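What follows is one structure encoded as structure tokens, with my remarks underneath.
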Amino acid sequence: MGRFKPTVVFDFDGVINSYTSGFKGIDNIPDPPVDGISEAIHDIRKAGYKAVVVSTRCVEDKGIEAVKKYLESHNIVVDDVVTHKPPAMVYIDDRAICFDGDPGKLLSQIQNFKPWNK
Ligand SMILES: [Mg+2]
């Protein structure tokens, strides 16, 4: 019986794919990976976590294939590639606000939000 592995969800565009060109089509992924992401995911998996990649690209078969091909060609090893966020211990996303318990800050955090690559 294997040990339970907590799931860590990785957003694809903007976390694994550097996404500096923005969206160019569901199966067109022209940008290189974020520097060091392959090694980071490797270390996270080695530490006992399950790495699951989530992308809305996966709503179409050609999108799933493109994401899987991208991961493979850049030596990024993960446990699963899915369309919708599964229950997880933590979510890694380039378009997220980490809620800190203070709802009063949310509107200004939304208004001032910028992903790292913009
Ligand atoms: Mg993203």
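Start at 1 and go down the list; that is how both ligands and their atoms are numbered. What you see is a predicted model, and the numbers here were worked out from it, not measured in a lab.
Residue V53 forms a side chain to side chain contact (heavy atoms under 4.5 Å, CB included) with just one option from V15, D80, I16, D11, and that option is I16.
Shown here for I76 and I37, the closest heavy-atom pair between the two residues is CD1-CG2, 4.2 Å.
Only protein atoms were considered; those of element N, O or S under 2.8 Å from the Mg ion (ligand 1) number 3.
Checked against the 6.0 Å centroid threshold, F12 and Y70 count as a close aromatic pair.
Comment: K85 engages D93 in a salt bridge, judged by a side-chain N to carboxylate O separation of less than 4.0 angstrom. With respect to D27 and K69, no salt bridge is recorded, no charged nitrogen being found less than 4.0 Å from a carboxylate O. A salt bridge is defined here as a Lys NZ or Arg NE, NH1 or NH2 lying under 4.0 Å from an Asp or Glu carboxylate O, and D79 with R45 meets this definition.
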